[in-house]
Q: 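Take a look at the following structure, please.
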Amino acid sequence: MRHLCITYHMSKPDKVVQTCITLPMEDSAAREILRFQDEIQSMKQNTMSVAALEKLLQSMARLQGYEIAEFCCAEEDSLR
């Protein structure tokens, strides 16, 4: 099990914020996200792990009153 710190933007018509969350995930999913993070930003890569992450970020944005979530970057959380 690895922990990734995911940074992303949430937006609505009058506001954009940047936030991050540390997520535990299987080693293979973490490797996939770290490997393809440049492609995630341009939506050129849509593996199972990437699709799950995008869905999670969109759901979290909606829970906080934002309409859109956009992945920025991922890095391993060395404190875990």
Side-chain angles (χ1 to χ4, degrees):
M1 183 75 58
R2 292 166 72 176
H3 293 82
L4 294 187
C5 180
I6 307 294
T7 301
Y8 61 103
H9 291 139
M10 299 184 299
S11 61
K12 55 186 175 183
D14 60 338
K15 192 172 187 180
V16 175
V17 297
Q18 179 175 301
T19 190
C20 63
I21 185 169
T22 299
L23 299 171
M25 60 186 73
E26 292 182 1
D27 291 350
S28 60
R31 279 193 305 273
E32 196 170 84
I33 289 168
L34 290 169
R35 179 177 177 206
F36 294 118
Q37 64 180 313
D38 291 335
E39 288 85 2
I40 293 170
Q41 294 171 352
S42 61
M43 295 305 289
K44 293 179 184 172
Q45 185 59 245
N46 198 16
T47 63
M48 291 286 286
S49 299
V50 170
L53 177 61
E54 289 292 330
K55 186 174 183 176
L56 176 66
L57 296 180
Q58 291 297 331
S59 296
M60 291 178 53
R62 287 190 193 104
L63 285 171
Q64 296 176 72
Y66 291 86
E67 297 172 5
I68 298 170
E70 296 178 328
F71 173 88
C72 295
C73 63
E75 59 187 11
E76 193 142 12
D77 186 344
S78 60
L79 299 177
R80 305 248 175 209

Q: Using the side-chain contact (heavy atoms from CB on, under 4.5 Å) rule, take L57 and M10 through it: C-alpha gap first, then chi angles, then the decisive distance, then the call.
A: CA-CA 9 Å; L57 296 180; M10 299 184 299; over 6 Å; no
Q: Side-chain heavy atoms under 4.5 angstrom apart, residues restricted to Ile, Leu, Val, Met, Phe, Trp, Tyr: same cluster for V16 and I21?
A: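 No.
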Q: Below 4.5 Å, heavy atoms only, C-beta onward: do D77 and L4 meet side chain to side chain?
A: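 Of all side-chain heavy-atom pairs linking L4 with D77, none is under 4.5 Å.
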Q: Ignoring hydrogens and angles, write down the donor-acceptor pairs under 3.5 Å from the side chains of residues 63-76, residues two or more places apart or on other chains.
A:
| unit_1 | atom_1 | unit_2 | atom_2 | d |
| --- | --- | --- | --- | --- |
| Q64 | NE2 | M60 | O | 3.1 |
| E76 | OE1 | R2 | NH2 | 2.8 |
| E76 | OE2 | R2 | NE | 3.0 |

Q: Name all pairs fulfilling the side chain to side chain donor-acceptor pair (under 3.5 Å) condition that reach into residues 23-35, sequence neighbours left out, sorted by first residue then second.
A: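 Listed by first then second residue: E32-T47, E32-S49.
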Q: Are the side chains of H3 and L23 in touch, meaning some heavy atoms are under 4.5 Å apart?
A: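 Counting from C-beta outward, H3 and L23 never come under 4.5 Å.
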Q: I need the full list of side chain to side chain donor-acceptor pair (under 3.5 Å) pairs touching residues 7-18, with sequence neighbours left out, sorted by first then second residue.
A: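 Those involving residues 7-18 are H9-Q18.
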